[in-house]
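Working notes, beginning with the structure itself.
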Protein chains: 2
Amino acid sequence: MDLLTLPEMASSAEPIARRLVEWLRHAIVTMRIRPGEKLSEQELARRFGVSRQPVREAFIKLAESGLVRVLPQRGTMVVKISIEAVEDARFIREAIECAVAREAARRVDTRALAEVRARLDLAAEAMAAGDTERFFALDEEFHQRLAAAAGRPNSWRVVEEQKAQMDRARYLDMSDSIPMKTVMAQHLAILSAVESGDERAAETAMRVHLTEILVSLPKLASRWPDLFEARETETSGAA
Amino acid sequence: MDLLTLPEMASSAEPIARRLVEWLRHAIVTMRIRPGEKLSEQELARRFGVSRQPVREAFIKLAESGLVRVLPQRGTMVVKISIEAVEDARFIREAIECAVAREAARRVDTRALAEVRARLDLAAEAMAAGDTERFFALDEEFHQRLAAAAGRPNSWRVVEEQKAQMDRARYLDMSDSIPMKTVMAQHLAILSAVESGDERAAETAMRVHLTEILVSLPKLASRWPDLFEARETETSGAA
DNA sequence: GATTGAAGACTAGTATGGAAGTTTTTCCTT
DNA sequence: AAGGAAAAACTTCCATACTAGTCTTCAATC
């Protein structure tokens with residue numbers, strides 16, 4: 001078991017715990033650490049060559065994000081993908097991003113929209129080059145910049161957290177995700193509507209874009225049943 | 001400086017850190033601890049009669065919620081109220097809760113809606129009795145139950161976090177907040193629209209309810225300038 | 001053979017000391 | 001008196017030891 005290296009110590013002043021969170025979050029979202037897997041403070045501390053404390057604090061942060069669950073005196077594990085949680089995340093994301101699209105179309109902040117379009121152009125290049133990793137990154141930036149163009153840059157933070165839940169499912173099987181070409185077309189439709197100041201068209205285009213995401217979810221759940229949370233049988237609501 | 005007592009140890013198995021978070025969060029949201037105030041691990045540990053570690057972990061959780069800011073090697077402080085942050089929170093809340101209202105009206109889950117109406121009735125009693133504290137609690141429950149009636153109970157968690165930012169401003173001056181009578185009427189309008197399955201009316205009613213909240217914000221900011229974050233002068237967006 | 005229970009190997013939670021870094025104070029120099 | 005450097009007094013951060021609770025294992029007992 002060789003020592004793992006923490007993400008770039010570009011700014012070495014960055015506390016260990018912060019870098020640990022980054023490393024773990026990425027590993028979880030990209031499914032390098034699988035849902036349901038047990039995480040040991042002790043083992044991770046050994047592998048990173050640090051003490052238990054920073055690992056523990058990283059777990060706390062990840063627990064706040066809903067990526068891991070800490071059971072007192074029992075253990076810490078990566079939460080399984082929950083169909084319900086993914087649906088909720090999609091619902092929330094759609095609500096926020098549709099409002100963002102509407103607001104962006106209402107403002108038509110030309111300068112900010114130029115930044116959005118720049119991401120679209122770069123994404124086209126990435127697609128042509130077959131660089132899916134970069135394409136996904138630019139996908140994120142597109143949405144982030146659009147939020148900025150709506151004057152609500154912070155709303156992206158909330159969306160980002162929801163997105164993490166959805167992304168894990170996507171990383172399960174890339175071939176199941178929406179083709180890059182389709183995403184490009186949808187992004188273009190959104191941006192065009194926003195640029196022309198058509199609030200309703202912008203919102204509709206965004207809704208279309210964010211709707212199809214979960215079509216393949218049941219299929220994934222049945223193919224990897226151990227990675228998914230068993231759906232709650234009881235109905236919520238007490239006396 | 002006498003020892004402070006942590007919230008009820010109803011389940012004494014509850015770790016100290018968890019109870020600390022609860023105590024601190026409530027104290028911050030209700031403005032018992034003022035924005036900008038410095039929090040010391042050491043001092044709080046002394047006052048609660050515990051070690052620094054659980055206090056530290058509580059800070060981490062509150063930082064994740066955006067209620068405090070931890071500056072490495074410098075200190076921890078309650079974040080000041082930011083007009084921009086409150087506006088963002090309101091924007092996000094409106095987006096989600098309008099979607100919730102629409103969805104609830106689409107479903108018309110009679111059983112769940114009965115729970116919503118029950119909160120409305122209890123709130124009417126609280127108003128008659130002049131019990132503002134209870135009225136506010138039932139206000140929250142109204143929204144929470146409505147989310148459940150929309151089949152999105154988890155969306156309330158996200159709204160709740162945003163709400164915390166807004167609530168601090170409200171606690172500054174209760175007399176500035178919307179009168180209970182108005183809130184009651186708005187809640188009734190929302191529920192009636194939902195019960196009759198009118199999606200558009202439900203969304204509109206919710207939007208109205210969530211719009212007026214920030215009318216008094218600038219006034220509050222000018223009256224307590226030291227509790228508010230100075231608005232950023234630079235425009236976001238780097239090269 | 002099935003059940004029970006005690007010992008050991010885990011786990012997270014807490015306490016404490018010290019390291020690294022920042023801010024304030026103090027005191028000397030000009 | 002004003003400016004600046006050293007030092008003292010803070011802060012969070014990390015390492016380590018210990019506590020307390022949970023689960024597993026395996027042997028003794030019924």
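Just the heavy atoms: all of them, side chains too, but no hydrogens, waters or symmetry mates, feed the values below. Chain letters run A, B, ... following the sequence lines, proteins first, then strands; residues in each count from 1.
- Taking the C1' atoms of five terminal pairs at each end of the helix from dG1(C)-dC30(D) to dT30(C)-dA1(D), the two resulting helix axes are inclined by 10°, rounded to 10°.
- Judged as a side-chain contact (heavy atoms from CB on, under 4.5 Å), and not counting sequence neighbours, the contacts of Ile178(B) are Thr182(B), Val183(B), Glu212(B), Ile213(B).
- Ionic pairing of Glu115(A) and Arg119(A) is present here: one or more N-O contacts between side-chain nitrogen and carboxylate oxygen are shorter than 4.0 angstrom.
- Using a cut-off of 4.0 Å between Lys/Arg side-chain N and Asp/Glu carboxylate O, Glu57(B) and Lys61(B) are scored as not salt-bridged.
- Comment: Arg93(A) engages Glu97(A) in a salt bridge, judged by a side-chain N to carboxylate O separation of less than 4.0 angstrom.
- Ser65(A) contributes no side-chain N or O that, together with a main-chain N or O of Leu67(A), makes up a donor-acceptor pair within less than 3.5 Å.
- For Arg19(B) and dG13(C), the CZ to C1' distance is 12 Å, given to the nearest whole Å.
- Taking 4.0 Å as the cut-off between side-chain N and carboxylate O, Glu94(A) and Arg90(A) count as a salt-bridged pair.
- Taking both residues in full, the closest heavy atoms of Ser51(B) and Ala45(B) are given as O-CB, 3.6 Å, listed atom of the first, atom of the second, then distance.
- By the 6.0 Å and 45° rule, Arg170(B) stacks over the aromatic ring of Phe136(B).
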Sugar-phosphate means primed atoms, P, OP1 and OP2; the rest is base. With that split, encode nucleotides 10-21 of chain D 5' to 3' as B, S or - using protein heavy atoms under 4.0 Å.
-BBBBBBBB-BB
